[in-house]
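This structure is in structure tokens; I'll ask about it shortly.
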Amino acid sequence: MIERGYITSVWKNIGNIESKQYDVIVVGAGVAGMTTALSLESKLKVVLVSKEAFTESSTYKAQGGIAVAVGPDDSIAEHITDTLNVGQGICREEAVSVLTGEGPKALEFLQALGADFCHNQTELDLTREAAHSRNRVVHYYDYTGKYIAEILACEVNRRHNIERLNASFLVDIATEDNGCCGCLIEQGGELVYLRASTVVVATGGYSGLFNRSTNEVSASGDGIAAAYRAGAVLADMEFVQFHPTAFTTLSGKVFLLTEALRGEGAVLRNYKRERFMFDYHPGGELAPRDEVSRAILQETARQGGKMIYLDARHLGKEHLSERFKQVYAELAKSNYFMEKDLIPIAPAAHYTIGGIKSDLWGRTNVPCLYTCGEAAATGVHGANRLASNSLLEGLVFGRRVALHINGVFCAKKEPSMLSAGVTEATGGYTDLEALRTKLDSVAGVVRCGKDLKAMLKWISDGAKSHRDGLAEDNHGYHVQNAYQLARLLVEASLLRTESRGTHYRSDFPKKNDEGFKKHILQQWEKKVVMQ
Ligand SMILES: Cc1cc2nc3c(=O)[nH]c(=O)nc-3n(C[C@H](O)[C@H](O)[C@H](O)COP(=O)(O)OP(=O)(O)OC[C@H]3O[C@@H](n4cnc5c(N)ncnc54)[C@H](O)[C@@H]3O)c2cc1C
């Protein structure tokens, strides 16, 4: 087993390490972390930690927009219904009510910071995405994430109580008897101990563990792994959403073609140029993402492995190049022009539903450890995420975390865990590429028990044979986190012997409400629980 407590042995000598004191540590500078930091009271001394510049987050890459029920024909109730339908019976309904009900307030928060989303004359230009029954997605052309990330980062920089620590890698979270008391970060090869009575993990998801992913490799779930080692319960790790329409650029990078393209009329075609989605689902191209992803793989197999295409030609150059500026420009670099070319696409890992289990205020089971954004498992997405609900989740729950901290904030004593017996360094693995490739084939859109079991064994065998260890640097930590999370993901996928939402088992293709209208919960050194 790879996980045996802290990832580094440095805890034995913590007294020799430089330390800094804050009131609140927020790890992650995406939409969730920045919203939290900005919503904390200005009298609190806050540090906002991120391993890369804010431009490297999933938030910065988001294209489509933010789902909010503000259209004249829309209502919170309808947003709730759509979210629950897509979540396939295991959404946490109170969390969905909070998410959708506080959506308009989240939008106002951004507008108050200066966000001016695309308008249609005087009204917001709301677009449609898969499985939404209304046009409800507020956007800024097709680079909504970049737009809001820049606005939030600009405001963070103006706040005197928020210190920014870029290029700082969260290594481990410190706990004492009363809960969380700080964290260890690596900065330019040096370890620094940040002390605080409250820590917020907003480090995003783990889709970057897959080889074919719309996320950066750095979306590797480090914060989830660190929270797990600190005793936090993880939930729903098996649910990974694959985006159906990802394009591979000339340089081999995977680039997302936003769902808003299909929302505005683009269709899928097989190699004979025939539309096929209605053969698989009555929602056609706007069926939920898991259905579209599986249909693409089935159609690819049916036609002997030939390519599937996205066809937006009928939308015309003027509309495509103006409305989808980013996608248009990126495709043009690879010599594809949407007004005249069919665009080859395939599914890619996109969004991870699983993460650190939290309540409606972002609290975890570890006292004083909070979480929000993609790192959290609030239960809002159930077994599948409704498109554009995740930027919203970061905004709504980021703010709620801050409100809770503002309300209960109190100073804590110095950590006492430093001599505790869980200070071993974990062993290392070196073959990260092999792990990523295996995840694609074994834990991808279609999974099967035999392969999952073999992969679990492969991970455990690797743990034994590679114990000689990696360097204690951020690459080493990254690799160890990756193996730890892959094990958790594969284990949860193996235990869910049914198909639901994003989790599809070829050996259990049906939904089993009797046995599995539940969540799989994993906790350090505890038996896996289903509840
Ligand atoms: C291509 C793409 C398009 C998308 N489009 C949409 C969309 O249109 N609408 C929508 O709602 N959602 C969309 N999503 C999903 C959405 O962008 C993410 O779910 C959301 O932005 C996650 O925000 P976050 O703040 O939780 O995490 P992120 O934005 O991923 O930020 C994570 C932060 O944590 C930091 N971090 C990670 N590990 C460490 C560590 N070890 N130490 C220190 N810091 C660390 C990172 O540096 C980063 O600052 C899209 C995602 C992608 C990839």
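All ligand and atom numbering here is 1-based and tracks the order in the structure. Nothing fancy with the numbering, it's 1 onward along the sequence.
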**Q.** Residue portion contacting ligand 1 (non-hydrogen atoms closer than 4.0 Å) for His478
**A.**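 Looking at His478 and ligand 1, no heavy atom falls under 4.0 Å.
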
Q. Which atoms of ligand 1 are found less than 4.0 Å from any heavy atom of Gln63?
A.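 Selected atoms, number and element: 3 (C), 4 (C), 5 (N), 8 (O).
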
Q) Looking at atom 15 (C) of ligand 1, what's its closest protein heavy atom, distance included? A)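 The protein heavy atom lying closest is Ser390 OG, 3.4 Å.
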
Q: Output yes when the distance from some N or O of ligand 1 to some N or O of Ala32 is under 3.5 Å, and no in every other case.
A: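 Indeed, backbone or side chain, Ala32 has an N or O that close.
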
Q.
Looking only at side-chain N and O atoms, does His132 offer a donor or acceptor that is under 3.5 Å from a partner on Asp82?
A.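 No, His132 and Asp82 have no side-chain donor paired with an acceptor closer than 3.5 Å.
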
(Q) Checking a contact table here: which protein heavy atom is nearest atom 27 (O) of ligand 1, and how many Å away? (A)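 Ranked first by proximity to atom 27 (O) of ligand 1 is Gly204 CA, 3.4 Å.
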
Q. Taking the minimum heavy-atom distance to atom 38 (N) of ligand 1, which of Asp222, Val49, Asp172 ranks first?
A.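 Nearest heavy atom to atom 38 (N) of ligand 1 lies in Asp222.
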
Q: Among Asp222, Val27, Val49, find the one that has a side-chain contact (heavy atoms from CB on, under 4.5 Å) with Thr203.
A: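 Of the listed options, the one satisfying the test is Val27.
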
Q) Is the closest side-chain donor-acceptor distance between Glu393 and Ser390 under 3.5 Å? A)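 Distance-only check fails for Glu393 and Ser390.
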
Q) In terms of atom number and element, which parts of ligand 1 are under 4.0 angstrom from non-hydrogen atoms of Glu52? A)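 Reading through ligand 1 atom by atom, the close ones are 47 (O).
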
(Q) Less than 3.5 Å apart, any donor N or O on the side chain of Glu163 or Tyr22 sitting next to an acceptor on the other? (A)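 Judged by distance alone, the side chains do pair up.
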
Q) Looking only at protein heavy atoms, which one is nearest to atom 17 (O) of ligand 1, and how far off is it? A)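 Checking every protein heavy atom, the shortest distance to atom 17 (O) of ligand 1 gives Ser58 O, 3.3 Å.
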
Q: Look at atom CD of Gln111 and say whether more than 12 heavy atoms of other residues, nucleotides or ligands are closer to it than 6.0 Å.
A: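 Count over threshold, so yes.
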
Q. Can you find an N or O of Gly33 that's nearer than 3.5 Å to an N or O of ligand 1?
A.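 No, since none of the N or O atoms of Gly33 sits under 3.5 Å from an N or O of ligand 1.
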
Q) Given Leu391, Leu170, Val171, which one has a non-hydrogen atom that is nearest to atom 42 (N) of ligand 1? A)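 Nearest option to atom 42 (N) of ligand 1, by heavy atoms: Leu170.
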
Q: Would you mind listing which atoms of ligand 1 come within a distance below 4.0 Å of any non-hydrogen atom of Tyr351?
A: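 Those qualifying, in numeric order: 19 (O).
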
Q. More than 12 heavy atoms of other residues, nucleotides or ligands under 6.0 Å from NZ of Lys325: is that the case?
A.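 Correct, the count exceeds 12.
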
Q.
With a cutoff of 4.0 Å, is Thr144 in contact with ligand 1, counting heavy atoms of the residue only?
A.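 Contact absent.
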
Q: Check the side chains of Asn384 and His503 for a donor-acceptor pair under 3.5 angstrom, ignoring hydrogens and angles.
A: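 No - no donor-acceptor pair under 3.5 Å links their side chains.
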
Q | Polar side chain donor-acceptor pair, Arg136 to Thr127, under 3.5 angstrom | A |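 Side chains of Arg136 and Thr127: no pair found under 3.5 Å.
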
(Q) Tell me the protein heavy atom at minimum distance from atom 9 (N) of ligand 1, and give that distance in Å. (A)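 Here the closest protein heavy atom is Gly65 O, 2.8 Å.
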
**Q.** For Ser57, the ligand 1 atoms whose distance to one of its heavy atoms is below 4.0 Å
**A.**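 Under 4.0 Å from Ser57, ligand 1 has these atoms: 28 (P), 29 (O), 31 (O).
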
Q: Look at atom 44 (N) of ligand 1 and say which protein heavy atom is nearest, naming residue and atom and giving the distance to 0.1 Å.
A: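 Going atom by atom, the protein heavy atom closest to atom 44 (N) of ligand 1 ends up being Lys51 N, 3.0 Å.
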
Q. Any salt bridge between Glu129 and Arg134, counting N to O under 4.0 Å?
A.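 Looking at Arg134 together with Glu129, the answer is no, because their closest N to O distance does not fall below 4.0 Å.
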
Q) Would Gln241 and Asp290 count as having a side-chain donor-acceptor pair, cut-off 3.5 Å? A)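 Absent: no donor and acceptor within the cut-off.
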
Q. Hey, is Val27 touching ligand 1 through its side chain, its backbone, both or neither, going by heavy atoms under 4.0 Å?
A.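 The side chain, only.
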
Q. Can Tyr141 and Gln63 be counted as having a side-chain donor-acceptor contact under 3.5 angstrom?
A.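 Absent: no donor and acceptor within the cut-off.
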
**Q.** Closest approach of any protein heavy atom to atom 22 (C) of ligand 1, naming residue and atom
**A.**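 Minimum-distance protein heavy atom for atom 22 (C) of ligand 1 reads Glu374 OE1, 3.7 Å.
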
Q: State plainly whether the residues Lys333 and Glu330 are in salt-bridge range, i.e. N to O under 4.0 Å.
A: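 Salt bridge present between Lys333 and Glu330.
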
Q. Hey, does Phe324 have a side-chain heavy atom less than 4.5 Å from the side chain of Glu264?
A.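 Yes; the side chains approach each other to less than 4.5 Å.
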
Q. When you look at NZ of Lys51, are more than 12 heavy atoms from neighbouring residues, nucleotides or ligands closer to it than 6.0 Å?
A.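 More than 12 heavy atoms, drawn from other residues, nucleotides or ligands, come within 6.0 Å of this atom.
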
Q) For ligand 1, which part of Thr59 has a heavy atom less than 4.0 Å away: the side chain, the backbone, both, or neither? A)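 Under 4.0 Å from ligand 1, Thr59 contributes backbone and side-chain atoms.
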
Q | Interfacing atoms of ligand 1 (cut-off 4.0 Å, heavy-atom, Gly373) | A |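 Listed by number with element, the hits are 26 (O).
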
**Q.** Inter-residue atom distance Ile76.CD1 - Glu102.CD, 0.5 Å rounding
**A.**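 The CD1 atom of Ile76 sits 10.0 Å away from the CD atom of Glu102.
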
Q: Output the list of atoms in ligand 1 that are nearer than 4.0 Å to some heavy atom of Ser50, sorted by atom number.
A: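 So the answer, numbered in order with elements, is 43 (C), 44 (N), 47 (O), 49 (O).
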
Q) Against heavy atoms of Ser168, which atoms of ligand 1 measure under 4.0 Å? A)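 Atoms satisfying the 4.0 Å criterion: 42 (N), 43 (C).
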
Q.
Regarding ligand 1, does Gly64 bring an N or O atom to under 3.5 Å of one of the ligand's N or O atoms?
A.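 Yes - when backbone and side-chain N and O of Gly64 are compared with those of ligand 1, one distance drops under 3.5 Å.
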
Q: For His350 and ligand 1, answer yes if some heavy atom of the residue is under 4.0 Å from a ligand atom, otherwise no.
A: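 His350: in contact with ligand 1 (<4.0 Å).
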
Q.
Is Gln241 close enough to touch ligand 1? Criterion: a residue heavy atom under 4.0 Å from a ligand atom.
A.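 Not so, Gln241 does not reach ligand 1.
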
**Q.** Residue and atom name of the nearest protein heavy atom (relative to atom 37 (C) of ligand 1), distance in Å to one decimal
**A.**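 Nearest neighbour among protein heavy atoms for atom 37 (C) of ligand 1, to 0.1 Å: Thr203 O, 3.4 Å.
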
Q. What part of Met34, side chain from CB on, backbone N/CA/C/O, both or neither, has a heavy atom under 4.0 Å from ligand 1?
A.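 No part of Met34 comes within reach of ligand 1.
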
**Q.** Ala29-ligand 1 polar pair, N/O distance under 3.5 Å
**A.**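 Yes, since at least one N or O of Ala29 sits under 3.5 Å from an N or O of ligand 1.
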
Q: Look at the rings of Tyr370 and His404 and say which category their plane angle falls in: under 30° parallel, 30 to 60° tilted, over 60° perpendicular.
A: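 Rings of Tyr370 and His404: tilted, 30 to 60°.
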
Q. Can you tell which of Ala202, Ser218, Ala62 gets a heavy atom nearest to atom 4 (C) of ligand 1?
A.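 Heavy atom nearest to atom 4 (C) of ligand 1 belongs to Ala62.
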
Q. With distance as the sole test, does Asn161 use its side chain to make a donor-acceptor pair with the main-chain N or O of Leu44 at under 3.5 Å?
A.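 Present.
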
Q | Closest protein heavy atom (residue, atom, distance) for atom 53 (C) of ligand 1 | A |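 Ranked first by proximity to atom 53 (C) of ligand 1 is Asn215 ND2, 3.2 Å.
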
Q: Take every heavy atom of Ser388, measure it against each atom of ligand 1, and state whether any distance is under 4.0 Å.
A: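 A heavy atom of Ser388 does come that close to ligand 1.
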
